[in-house]
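Here the structure is laid out as structure tokens; the discussion comes afterwards.
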Amino acid sequence: MMHYSKNSRLTGNPENNSDLPFLHLALPVMDEPDLLPRLLGCLATQTYRRFRLHICVNQPESWRDDPEKATSCENNGATLLMLEEWEGCETVVIDRSTRGLGWIGKQHGVGYARKTLMDHINREATPDDVIVSLDADSVFSENYLLSIALNFSAHPGAVALAVPYFHKTGQDDVANRAMLQYEIYIRHYILNLDRIGSPYAFTQ
């Protein structure tokens with residue numbers, strides 16, 4: 001099931017000219033109604049408007065009969081209701097969480113949701129379009145999508161772009177230390193891949 005919401009904020013801003021690539025944003029969502037509004041707020045304020053948001057709200061079908069997963073099912077339902085009211089940008093919602101539409105068997109999880117999104121986008125995208133992979137906890141400035149479009153326009157031979165990022169710390173010192181250790185590991189790993197000349201010196 002898919003729902004479409006047309007963006008009323010599209011303007012004639014010169015930054016939205018057709019010389020820059022159209023962006024398809026791929027966003028898997030599962031049990032994240034508290035995080036999603038912040039991301040949607042970031043998208044609503046983007047200066048570059050030539051993009052479409054594709055969201056896959058997903059969960060295994062078996063969760064419907066698991067009392068321990070009842071809250072997650074309710075949260076996914078709340079997310080779908082939130083997206084029905086969302087008008088901040090053109091949006092396509094792939095519903096894989098409503099009863100009868102959830103994942104069956106072992107094919108489920110964020111990886112399978114991303115594959116579902118990528119397959120869907122590839123069926124409608126042109127060869128010049130760009131796919132941007134997001135997470136529900138992503139936070140970025142109003143020029144984030146513009147910077148992506150400009151980079152691909154300036155480097156037409158590029159097939160991928162790994163945007164630098166960092167994890168924001170919170171109030172939990174234990175979680176902060178674990179997160180910072182993870183970031184140090186990632187940076188150390190990439191730097192050493194770059195040092196030996198590996199073509200895979202990037203993260204995602």
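Since the structure is predicted, the reported quantities are computational estimates derived from the model, not experimental observations. Excluded from the calculations below are hydrogen atoms, water molecules and symmetry mates; all remaining heavy atoms, backbone and side chain alike, are included.
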How many angstroms lie between NZ in Lys115 and NE2 in His120, if you round to the nearest 0.5 Å?
13.5 Å
Ser72 and Trp63: CA distance, side-chain angles, deciding distance, side-chain hydrogen bond (donor to acceptor under 3.5 Å, both in side chains) verdict:
CA-CA 8 Å; Ser72 296; Trp63 284 15; over 6 Å; no
Given the rule that I, L, V, M, F, W and Y join up when any side-chain heavy atoms are under 4.5 Å apart, are Ile186 and Leu180 in one cluster?
no
Keeping Asp129 on the side-chain end and Thr126 on the backbone end, is there a donor-acceptor pair under 3.5 Å?
yes
Here the pair of heavy atoms bringing Val174 nearest to Asp172 is N-OD1, 3.0 Å
Roughly how far, to the nearest 0.5 Å, is the CG atom of Asn75 from the CG atom of Leu80?
11.0 Å
Looking only at heavy atoms, the pair that brings Phe152 and Ala160 closest together is CZ-C, 3.9 Å
When you look at Leu193 and Leu191, which way does the side-chain contact (heavy atoms from CB on, under 4.5 Å) test go after all the steps?
CA-CA 5 Å; Leu193 285 177; Leu191 286 172; over 6 Å; no
When rounded to the nearest 0.5 Å, the distance separating CG of Leu146 from CZ of Phe51 is 11.5 Å
Are Met118 and Val57 linked, directly or through intermediate hydrophobic residues, by side-chain heavy-atom contacts shorter than 4.5 Å (ILVMFWY only)?
no
Is there a donor-acceptor pair under 3.5 Å between the side chain of Asn151 and the backbone N or O of Ser147?
yes
Side chains of Thr71 and Cys73: does their closest heavy-atom pair fall under 4.5 Å?
no
Answer yes or no: is there a donor N or O on one side and an acceptor on the other, between the side chain of Gln46 and the main chain of Leu145, under 3.5 Å?
yes
Whether Arg177 and Asp173 form a salt bridge (side-chain N of Lys/Arg under 4.0 Å from carboxylate O of Asp/Glu) is what I want to check.
no
Using the rule that Ile, Leu, Val, Met, Phe, Trp and Tyr join whenever any side-chain heavy atoms are under 4.5 Å apart, tell me whether Trp86 and Met82 fall into a single cluster.
yes
Indicate if Phe22 and Leu20 have the same hydrophobic cluster label, given that clusters are the connected sets of ILVMFWY residues with side-chain heavy-atom separations under 4.5 angstrom.
no
Got a second to check how far Leu43's CG is from Leu27's CG, nearest 0.5 Å?
8.0 Å
Closer than 4.0 angstrom, basic N to acidic O: yes or no for Arg114 and Asp135?
yes
For Asn143 and Thr47: C-alpha separation, side-chain torsions, deciding distance, then whether side-chain hydrogen bond (donor to acceptor under 3.5 Å, both in side chains) applies.
CA-CA 6 Å; Asn143 291 321; Thr47 57; 2.9 Å; yes
Does any non-hydrogen side-chain atom of Val139 lie less than 4.5 Å from one of Leu39?
no
Beyond-backbone contact of Arg52 with Val92, side-chain heavy atoms, under 4.5 angstrom
yes
I'd like to check Gln59 versus His108 (side-chain heavy atoms, cut-off strictly below 4.5 Å). Are they in contact?
no
side-chain hydrogen bond (donor to acceptor under 3.5 Å, both in side chains) evaluation trace for Asp95 with Thr98:
CA-CA 7 Å; Asp95 179 2; Thr98 297; 2.5 Å; yes
Separation of Leu117 CG from Arg96 CZ (nearest 0.5 Å):
11.0 Å
For Pro21 and Ala149 the tightest heavy-atom approach is CD-O, 3.5 Å
Judged by atom type as modelled, is there a donor-acceptor pair below 3.5 Å linking the side chain of His188 to the main-chain atoms of Ile184?
no
Just so I know, are the side chains of Leu150 and Tyr48 near enough to count as touching, which here means a heavy-atom distance under 4.5 Å?
no
I'd like to know whether Arg64 forms a side-chain contact (heavy atoms from CB on, under 4.5 Å) with Lys69, so could you lay out the CA-CA distance, the side-chain angles of the two residues, the decisive distance to 0.1 Å, and finally the verdict.
CA-CA 7 Å; Arg64 288 287 166 189; Lys69 297 296 185 180; over 6 Å; no
Do side-chain atoms of Thr116 reach the backbone of Tyr112 as a donor and acceptor pair under 3.5 angstrom?
yes
Measure the CG-CD distance between Asp31 and Glu74 for me, rounded to the nearest 0.5 Å.
10.0 Å
Does the Asn58 side chain pair with the main chain of Cys56, one donor and one acceptor, at a distance under 3.5 Å?
yes
Parallel, tilted or perpendicular, judged at 30° and 60°: which one describes the rings of His54 and His24?
tilted
Any link between Phe140 and Val29 through a network of hydrophobic side chains (Ile, Leu, Val, Met, Phe, Trp, Tyr) touching at under 4.5 Å?
yes
